[in-house]
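Counting from 1, the numbers follow the sequence of the chain as shown.
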Amino acid sequence: MTEETPLQRYIRAGQTTISNLLVHHYKQIGMSTAQLVLYLQFKSYQDRGTMNPDVRVIAKNLGTSENQVFNQLHQMMTNHLVEQGMRRLPDGKEDAIYDFSPLLNKLALLEDQATTTDHEEASQNSRQQVFATLENEFGRTLSSMELQIVNDWLDKEAYTPAMIKLALRQAVMNSAVNLQYMERILQSWAHQGLRSEHDINEHERQFESRRAGQTPTQGSQPRSAGPKIPIYKLGE
């Protein structure tokens, strides 16, 4: 019988994979480095079907004592990173196992919280940019009432920052830099279902094309077009 080479033994030993989320954030979920290594020891056996590995073997692998392994497991239970569960064996008996699902759930929750925080920060930054743009064009600080109006546009009316900035541009071009004029523009766009910068620009382009193709005849009466909101081509 041919003796295995070191490479063959290495391959036969198998591999243990670990999420980069855990590698990068294990401290944030309350794990110590020692507990991370302990988790990897358990995972290496559980991934191969040994759900309840011998703690004595794990202690030997780590070069530590059984008591230290049990102490680390107890701390992890206290921090809701692992719990003891029961499994039924083929012979009908039950066996206690260490279930690391709480650790993975905690890690997933951390990722969700990070995503939510990033979204909230981006939203807040966008809001502050809108305030700064308005104050720059108004040449003064917005009053508390004006701030509330703009906040209502964003939160209650769901006007996007792009819509508000385009409405401000319309107001500047028509020398009517005030929130009342901008609100009429925003309401008109929202009524027509125009909420993205692309849709608004396309609508104004089509409006300009239609207006350019109309030549009023002598004596003709102007037609009422509803509220007098001057519309200009925003792409210029």
Check: residues 21-30 side-chain donor-acceptor pairs under 3.5 Å, at least two apart:
residue: His24; atom: ND1; partner: Asn20; partner atom: O; Å: 3.3
residue: His25; atom: ND1; partner: Gln28; partner atom: OE1; Å: 2.6
residue: Tyr26; atom: OH; partner: Thr33; partner atom: OG1; Å: 2.9

Sort and list the pairs that fulfil ring pair (Phe, Tyr, Trp, His ring centres under 6.0 Å) and have at least one residue in residues 58-85, not counting sequence neighbours.
none
Can you tell me how far the CG atom of Leu186 sits from the CD atom of Gln170, to the nearest 0.5 Å?
10.0 Å
Rounded to the nearest 0.5 angstrom, the CG-CG distance for Leu142 and Leu147 is 5.0 Å
Could you tell me if Gln75 and Asn71 have a donor-acceptor pair between their side chains, going purely by distance under 3.5 Å?
no
State whether a side-chain donor-acceptor pair under 3.5 Å links Glu137 with Thr133.
no
Taking 4.0 angstrom as the limit, do Asp155 and Arg127 come out as a salt bridge?
yes
Test your reading of the model: is there a side-chain donor-acceptor pair from Thr50 to the backbone of Pro53, 3.5 Å cut-off?
no
Determine yes or no for a side-chain-to-main-chain donor-acceptor pair under 3.5 angstrom, with Gln128 supplying the side chain and Asn125 the backbone.
no
Does atom CE (Met86) have a neighbourhood of more than 12 heavy atoms from anything else shown, all under 6.0 Å?
yes
Measure the CD1-CD distance between Ile200 and Gln192 for me, rounded to the nearest 0.5 Å.
9.5 Å
Parallel, tilted or perpendicular: which describes the rings of Tyr39 and Phe100, with under 30° parallel and over 60° perpendicular?
perpendicular
Under 4.0 Å between a side-chain nitrogen and a carboxylate oxygen: does that hold for Arg9 and Glu4?
no
Quick one: salt bridge (Lys or Arg N to Asp or Glu O under 4.0 Å) partners of Asp47, sequence neighbours excluded?
Lys43
Sequence neighbours left out, cut at 3.5 Å: what donor-acceptor pairs do the side chains of residues 157-168 make with other protein atoms?
residue: Thr160; atom: OG1; partner: Met163; partner atom: N; Å: 3.1
residue: Thr160; atom: OG1; partner: Arg195; partner atom: O; Å: 3.4

Sorted by chain and residue number, the ring pair (Phe, Tyr, Trp, His ring centres under 6.0 Å) partners of Phe131 (sequence neighbours excluded) come out as none
Name all residues meeting the salt bridge (Lys or Arg N to Asp or Glu O under 4.0 Å) criterion together with Asp99; count only those two or more places apart in sequence or in a different chain, and write none if there are none.
none
